[in-house]
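One structure below.
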Amino acid sequence: MSEQQTFYITTPIYYPSGKFHIGTAYTTVASDAIARYKRLKGFDVRFLTGMDEHGQKIQEKAQESGMHPQDYVNEIAESAKKLWDTMDISYNDFIQTTEKRHVDAVEKIFQKFLNNGDIYIGEYEGLYCVPCESYYTETQLMEGKCPDCGRDVQKVNEESYFFNMKKYADRLLAYYEDNLEFIEPESRKNEMINNFIKPGLEDLSVSRTSFDWGIKVPGNPKHVIYVWVDALSNYITSLGYGSDNEELFNKYWPADVHVVGKDIVRFHTIYWPIFLMALELPLPKKIFAHGFIMMKDGKMSKSKGNVVYPEMLIERYGLDATRYFLLRELPFGQDGVFSPESFVERTNFDLANDLGNLLNRTVSMMNKYFDGEIPTENLQETEFDAALKSHAESVRIRYEESMEKMQFSVVLSEIWSLVSRTNKYIDETSPWVLAKDEADRNKLAAVMNNLAESLRHIAVLIQPFMTNAPKQIMEQLGLDDKLLAWDTIETFGNVIPRNIKVVEKGTPIFPRLDAEIEVAYIREQMQGSVKTTQQEESTSVEAPNTEEISIDDFMKIDLRVATVLACEPVAKAKKLLKLQVDLGYEQRQVVSGIAEHYKPEELVGKKVIVVANLKPVTLRGELSQGMILAGSHDGILTLATVDPKLANGAQVK
RNA sequence: GGCUACCUAGCUCAGCUGGCUAGAGCAUUCGGUUCAUACCCGAAAGGUCGUGGGUUCGACUCCCUCGGUAGCCA
């Protein structure tokens with residue numbers, strides 16, 4: 001027997017910072033689809049996922065909940081595994097970076113870097129945001145605060161080990177050039193070359209002394225190995241690299257593809273290859289960066305109340321519908337938008353109406369015309385058969401091409417073109433007409449056989465994407481799951497055995513949804529997430545801790561009621577809106593940083609409170625004569641409004 | 001500010017190395033059908049392919065300008 005070809009695929013290891021939202025599920029489901037496809041095609045597949053469990057933030061979170069960090073991360077790892085099991089993720093290995101197998105190997109890797117002179121000790125200076133675990137340069141800060149979360153940053157000065165990246169820059173570039181498909185989509189490669197490699201790679205800080213929840217630097221336990229050397233290594237430590245048994249490593253490395261989100265492309269396409277070069281190991285064949293699931297109002301965030309959790313969709317609509325939606329609606333590699341409407345429409349149109357109903361009507365006709373048996377003899381071809389067969393054949397070919405490119409949404413549209421074609425075939429052959437004339441009995445038999453065969457092809461083809469439907473289709477057709485093997489669809493027909501009986505009464509495999517009700521339900525679930533955070537937070541609003549002022553101080557501020565007359569965005573400023581306000585005694589222009597919370601048209605006509613005697617300033621070239629009062633909580637900003645009965649110009653005190 | 005993309009029917013998007021009347025799904029209108037989860041099939045309508053220029057026998061497809069949007073900038 002010839003040796004089976006291997007295929008090694010990984011997801012990123014995820015950070016245990018709370019419940020996984022649908023974006024994390026997306027990465028994992030997409031990877032699973034590839035893994036399942038490759039298995040179907042006969043590859044010896046190894047599919048790795050796991051958790052990235054070190055770092056200051058985890059240490060602090062664990063402390064907050066009064067737990068040992070190890071117990072804390074173990075708990076989250078368990079819930080992650082539970083979710084992946086719920087989602088039928090066919091992973092072969094789940095690594096936690098706190099496991100001994102990983103820790104031991106990372107120590108060896110770091111030691112090797114030290115021995116080879118790839119790492120030297122120096123001093124790191126930067127502005128650090130603890131919650132984000134990120135360093136920033138002065139220029140990156142937004143108004144002196146963390147550009148990511150808006151919180152304060154602290155100046156940190158610490159001794160640190162550095163990895164000498166420059167040494168490998170040329171080799172890395174050469175690798176890009178020799179392996180054109182190493183980074184996909186290609187635009188990501190350009191970003192890396194233009195932003196990092198061309199201007200000259202900076203050395204990477206690879207240790208920290210400010211916390212100790214991590215793997216200690218060999219021989220210098222004051223330092224822990226900082227995130228990327230630790231995290232990225234999981235792809236090889238999970239295979240036993242650096243252990244006394246490197247069998248798996250020798251078998252599966254180099255990886256065929258690392259699936260990553262677009263946010264971590266840099267680490268996978270620059271640092272990871274360089275680490276591997278330093279270890280004198282082969283480089284992965286491909287890094288595929290997928291896009292993000294966006295909401296209509298931008299990124300998912302708790303404060304916006306637009307977070308979607310996979311469990312909610314799975315519980316109510318089933319796993320297949322959820323997996324299908326993710327892989328069909330978003331072009332893999334690009335950002336895509338989730339909306340309750342699109343989810344319900346996909347489920348109804350594609351799954352219930354097209355596929356589910358096709359199975360249902362087929363089963364029904366088998367029962368009506370052939371006593372439930374799939375005819376396999378005395379088949380008389382109809383004039384429409386050839387077109388159906390050749391369509392099925394061409395779908396399979398295009399499917400394989402797009403699958404290799406990981407264009408899942410394209411693959412699924414291909415499959416659905418066969419679903420459509422089959423529905424059309426029913427219309428063309430009109431079995432209910434054939435059934436009326438005994439002379440057409442053999443034609444009718446052929447039509448039924450073709451329908452069963454077409455559905456069987458569809459069942460085989462959807463296996464990477466859906467895990468229940470293929471079995472359900474086979475069950476309703478009365479066929480053995482062995483006929484789900486890939487090589488059974490290399491030809492169309494002559495595969496279904498004799499004396500097969502379909503179920504007597506087919507139950508729809510995808511129920512049709514009431515669009516109005518379900519859209520409302522999903523929307524409510526999404527907002528549910530914000531309500532609870534607000535409730536939680538409301539008990540922990542920070543107590544005022546500001547200097548007391550006298551009444552005289554307060555009276556210095558001239559607060560006035562005003563009506564917003566007009567409002568428009570300020571050019572080239574994301575946050576600013578330019579408002580014309582009527583103060584009763586005069587009109588003036590105020591520029592306010594509320595563009596992320598209000599649309600200009602929402603504000604026109606609103607009564608607001610203006611600080612009327614604030615010294616005028618020019619913001620982005622626009623004169624601002626005053627300030628609009630607003631309150632903020634948990635990142636949401638809301639204007640302080642007043643009773644419309646108050647006249648413009650009325651003083652507020 | 002630098003770099004890189006994108007801007008195609010009401011909506012979401014396909015259109016590779018330039019070449020027949022610019023496509024799909026959804027939505028709309030009309031028609032057909034009853035095996036089926038009021039489903040399915042067909043037809044029609046709908047686009048100055050962001051703007052202005054250039055290259056070419058010929059550009060949605062190449063080049064430049066401008067406008068808009070987005071991504072990346074350790």
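For the numbers below, each heavy atom of this structure counts, side chains included, while hydrogens, waters and symmetry mates do not.
Here the separation of C66(B) from C3(B), taken at their P atoms, is 13 Å to the nearest Å. If you take atom P in U56(B) and the same atom in G67(B), they sit 28 Å apart, rounded to whole Å. Taking atom C1' in both A22(B) and U48(B), the straight-line distance is 13 Å, to the nearest Å. Rounded to whole Å, the P atom of C49(B) lies 7 Å from the corresponding atom of C60(B). Comparing A44(B) with G25(B), their P atoms sit 12 Å apart, to the nearest whole Å. Using atom C1' as the reference point in both C7(B) and G15(B), the two lie 15 Å apart (nearest Å). For the C1' atom pair drawn from G54(B) and A9(B), the interatomic distance equals 28 Å after rounding to whole Å. If you take atom C1' in U17(B) and the same atom in U61(B), they sit 10 Å apart, rounded to whole Å.
The R188(A) side chain lies nearest to C72(B) when the options are C72(B), C40(B), A74(B). Of the candidate nucleotides U37(B), U34(B), G42(B), G42(B) has the atom nearest to the side chain of K424(A). Among the nucleotides C72(B), C39(B), C35(B), the one closest to any side-chain atom of N353(A) is C39(B). Side-chain proximity of P199(A) to the nucleotides U37(B), A74(B), C35(B) is greatest for A74(B). Taking every side-chain heavy atom of E345(A) into account, C26(B) is the closest of C41(B), C26(B), C40(B).
The environment of E159(A) atom CD is dense: over 12 non-hydrogen atoms of other residues, nucleotides or ligands sit within 6.0 angstrom. Taking a 6.0 Å sphere around NZ of K299(A), one finds it holds 12 or fewer heavy atoms contributed by other residues, nucleotides or ligands.
T362(A) comes within 4.0 angstrom of nothing in the nucleic acid, heavy atoms only. Here S364(A) lies in heavy-atom contact (under 4.0 Å) with sugar-phosphate atoms only. Nucleic acid contact class of R512(A) (heavy atoms, under 4.0 Å, all strands): base. Residue E341(A) is classed as having no contact, given no heavy-atom separation below 4.0 Å to the nucleic acid. Nucleic acid contact for L359(A): none, since no nucleic acid atom lies under 4.0 Å from a heavy atom of the residue. Residue contacts for Y369(A): at a heavy-atom cut-off of 4.0 Å it reaches the sugar-phosphate backbone alone, with no base atom in range. Base contact: G200(A) has a heavy atom under 4.0 Å from a base atom. Counting any heavy atom pair closer than 4.0 Å across all strands shown, L451(A) reaches no nucleic acid atom. Y271(A) comes within 4.0 angstrom of a base, heavy atoms only. Within the 4.0 angstrom heavy-atom criterion, base atoms lie near N357(A).
At whole-Å resolution of the value, CG in N367(A) and P in U34(B) are 20 Å apart. Atom pair F332(A):CZ and C13(B):P shows a separation of 18 Å (rounding to whole Å applied). The nearest whole Å value for the distance from the CG atom in N348(A) to the P atom in G25(B) is 18 Å. For the pair K296(A) NZ and A70(B) C1', the computed distance is 19 Å after rounding to whole Å. Counting to the nearest Å, the P atom of C72(B) and the CE atom of M192(A) are 9 Å from each other. What separates CD1 of I509(A) from P of A36(B) is a distance of 17 Å, to the nearest Å. Straight-line distance from the NZ atom of K405(A) to the P atom of C16(B): 12 Å, rounded to whole Å. When rounded to the nearest whole Å, the span between CD1 of I270(A) and C1' of C72(B) equals 11 Å.
Counting only residues at least two apart or on different chains, the side-chain hydrogen bond (donor to acceptor under 3.5 Å, both in side chains) pairs with a member in residues 358-375 of chain A are R361(A)-N423(A). Within the structure, the side-chain hydrogen bond (donor to acceptor under 3.5 Å, both in side chains) test picks out the following pairs touching residues 513-522 of chain A (sequence neighbours left out): R316(A)-E518(A), Y317(A)-E518(A).
Heavy-atom distances to RNA chain B give each of N423(A) and D203(A) a nearest nucleotide, and the one nearer the 5′ end belongs to N423(A). Nearest-nucleotide positions on RNA chain B for D354(A) and F349(A) put F349(A) closer to the 5' end.
Between F162(A) and Y120(A), the gap from one ring centroid to the other is short of 6.0 Å. Aromatic rings of W416(A) and F349(A) (six-membered ring for Trp) have centroids beyond the 6.0 Å cut-off, not under it. Aromatic rings from H223(A) and F110(A) are positioned such that their centres are separated by 6.0 Å or more.
Contact of N360(A) with A36(B) (side chain to base): no donor-acceptor pair of N or O atoms is detected under 3.5 Å. Counting distance only, with no hydrogens placed and no angle test, the side-chain atoms of N194(A) and the base atoms of C3(B) include no donor-acceptor pair under 3.5 Å. Residue D335(A) places no side-chain atom within donor-acceptor reach of the base of G71(B), judged by atom type and a 3.5 Å distance cut-off alone.
Side-chain nitrogen and oxygen atoms of Q334(A) include none within less than 4.0 Å of the OP1 or OP2 phosphate oxygen of U12(B). Contact annotation: K262(A) does not reach the phosphate of G71(B) (side-chain N/O to OP1 or OP2, under 4.0 Å).
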Task: Intra- and interstrand pairs of RNA chain B - dot-bracket, Watson-Crick/G-U under 3.5 Å, | marks other strand - done: (((((((..((((.....[...)))).(((((.......))))).....(.(((..]....))).)))))))).
- [ ] Just do the side chain to side chain contact (heavy atoms under 4.5 Å, CB included) check on F510(A) and T347(A) with the steps written out, would you?
- [x] CA-CA 8 Å; F510(A) 296 108; T347(A) 306; 5.7 Å; no
Tabulated below should be each protein N or O lying under 3.5 Å from an N or O of nucleotides 30-32 of chain B; please produce it.
none

Under 3.5 Å, which donor-acceptor pairs link side chains of residues 467-475 of chain A to any protein atom two or more places apart or in another chain?
unit_1, atom_1, unit_2, atom_2, d
T467(A), OG1, D88(A), OD2, 2.6

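With sequence neighbours excluded, the residues that form a side chain to side chain contact (heavy atoms under 4.5 Å, CB included) with D52(A) are I13(A), Y15(A), T97(A), V227(A), A231(A).
Cation-pi geometry between R346(A) and F325(A) is not satisfied (NZ or CZ under 6.0 Å from the ring centre, within 45° of the ring normal).
Salt-bridge annotation for E341(A) and R523(A): present, with a side-chain N of the basic residue lying under 4.0 Å from a carboxylate O of the acidic one. At a threshold of 4.0 Å, the pair E393(A)-R398(A) does not count as salt-bridged, since none of the basic side-chain nitrogens sits closer than that to a carboxylate oxygen.
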